[in-house]
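Have a look at the structure below, then the notes.
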2 protein chains.
Amino acid sequence: MNLTSQTQAFVLHFGEMGSRWGFNRTVGQMFALLTVHSEPLNADQLAQALKISRGNVSMGLKELQAWRLVEMHHLPGDRKDYFTAAGSIWDLARTVFEERRKRELDPTLTLLRQLLLNEPQDEQEAQAQERMREVYSLLELLDQFANTLSGLDQKDLLKLMKLGSGISKLLLKGKGGSRKQ
Amino acid sequence: MNLTSQTQAFVLHFGEMGSRWGFNRTVGQMFALLTVHSEPLNADQLAQALKISRGNVSMGLKELQAWRLVEMHHLPGDRKDYFTAAGSIWDLARTVFEERRKRELDPTLTLLRQLLLNEPQDEQEAQAQERMREVYSLLELLDQFANTLSGLDQKDLLKLMKLGSGISKLLLKGKGGSRKQ
DNA sequence: TACAATTTTCAGAAATTTCTGAAAGTTCAT
DNA sequence: ATGAACTTTCAGAAATTTCTGAAAATTGTA
């Protein structure tokens, strides 16, 4: 398992970006490698290719499994666990999107719901709550929208994303068609 | 500057979530506080309210300014700098969205453009490049879509986000209307 | 059951990030 | 120019996160 300099660069970059995307360096690297490498890899191969410890690989795989980004496989006559990226690039992107929604939005929605149950005790608190309510509505809307997008099939998603500025026109056309909740 | 327990909870939560949203704990807390507090606050007030050092506040404000999330104000007869959240909740969300796009997508697009210029030297490399090309197309599409969304005015954005599953129907209606690039 | 192959765990080490506070820098009024 | 009010900087301290590697646990086979 020697990485070409191309793959090396890709893997290292994903490691750097990892923290911005919600995982740590080595998890990012493992994800990148499994994404470009079409053959399944086992833990030792990952450790060797990325020059990290066996234990770290084990933890990283656990994390990637929690994100539902990898699939485990078994080769006949080999007791090792082998891993591949879970599905197509689109599948992976969708999964990352969904997991991030869960991790970045849900906890805040829960907290805000909680806080907004309390009666404000004075004017200052009432004003703060008003702002929190605005934050809440916006995040909830975002959450629902993210949900809707996750639910679209690839064809529709592609169509939507390619609309560009045409989206405004479409929204105009559709006026009144939004009979919902 | 005493925080009510409500505001305290909100601020601490934003501190915890901070790292998932792209800033560190104290920056998250400062942002939260400036968001719920409608009056402008100066650096000393922030430091006191959040129990952090003056120097940390200074760095945090610099960071929030880099994110374009705060505005500086001056009160007549007072030499201190005062800060408020930059605009409405919607403005803030839009700004966070745009900044995150910049930080999470652009560097990767740049790298991938670079890597894809190289001629693959063998079959394995060709295959890896093929995957990278898929990643690139998807991220570029995402980037453009994010761009489009940023460009929509609040009314359209609201309309779009509230469509829910109605979006598929609309996409069907609009068939052929996507005359672009 | 015994044991070899493999994975997981986790305490402590290493690396990284964040924070403090004192010193340096800036700005403004006189 | 001076000095008071304020902000920024940044070296080192503190906190947090990540990583290692040896030991424990698990799994499959004979």
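Residue numbering restarts at 1 for every chain, and letters A, B, ... go by the order of the sequence lines.
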Round to a whole Å and report the spacing from [atom1] of [X] to [atom2] of [N].
X: B:Met72; N: C:dT27; atom1: CE; atom2: P; answer: 11 Å
X: B:His74; N: C:dT27; atom1: NE2; atom2: P; answer: 11 Å
X: A:Lys80; N: C:dT8; atom1: NZ; atom2: C1'; answer: 16 Å
X: A:Asp81; N: C:dT6; atom1: CG; atom2: P; answer: 10 Å

(message) Distance alone, cut at 3.5 Å: any donor-acceptor contact between the side chains of B:Asn147 and B:Ser150?
(response) no
(request) Would you give the length of the straight line joining atom NE2 of A:His37 to atom OG1 of A:Thr84, rounded to the nearest 0.5 angstrom? (result) 10.5 Å
(request) Drop me the distance from B:Leu115's CG to B:Arg133's CZ, to the nearest 0.5 angstrom. (result) 11.0 Å
Of all the heavy-atom pairs spanning [X] and [Y], show the shortest one and how long it is.
X: B:Arg68; Y: B:Thr95; value: O-CG2, 3.6 Å
X: A:Leu152; Y: B:Ser168; value: CD2-OG, 3.6 Å
X: B:Glu104; Y: A:Trp21; value: O-NE1, 3.1 Å

(message) Tell me whether the rings of A:Phe14 and A:Phe31 are parallel (<30°), tilted (30 to 60°) or perpendicular (>60°).
(response) tilted
(message) Just so I know, are the side chains of B:Leu141 and A:Leu158 near enough to count as touching, which here means a heavy-atom distance under 4.5 Å?
(response) yes
(request) Would you grab the first and last nucleotide of DNA chain D (5' to 3') that comes under 4.0 Å of any non-hydrogen atom in chain A? (result) D:dT18 to D:dG28
(message) Using a 4.0 Å cut-off on heavy atoms, which residues in residues 45-63 of chain B reach DNA chain D? List them by number, or say none.
(response) B:Arg54, B:Gly55, B:Ser58, B:Met59, B:Lys62
(request) Go through residues 12-40 of chain B and report each residue with a non-hydrogen atom lying under 4.0 Å from DNA chain D, sorted by number. (result) B:Arg25
(request) Using modelled atom types only, decide if a donor and an acceptor are shared between the side chain of A:Glu99 and the backbone of A:Phe97 within a distance under 3.5 Å. (result) no
(request) Could you tell me whether the side chain of A:Gln129 and the main chain of A:Asn118 form a donor-acceptor pair under 3.5 Å? (result) yes
(message) Can you tell whether the side chains of B:Arg101 and B:Glu98 come within less than 4.0 Å, N to carboxylate O?
(response) no
(request) Would you mind classifying the nucleic acid contact of A:Asp44 as base, sugar-phosphate or nothing, using non-hydrogen atoms under 4.0 angstrom? (result) nothing
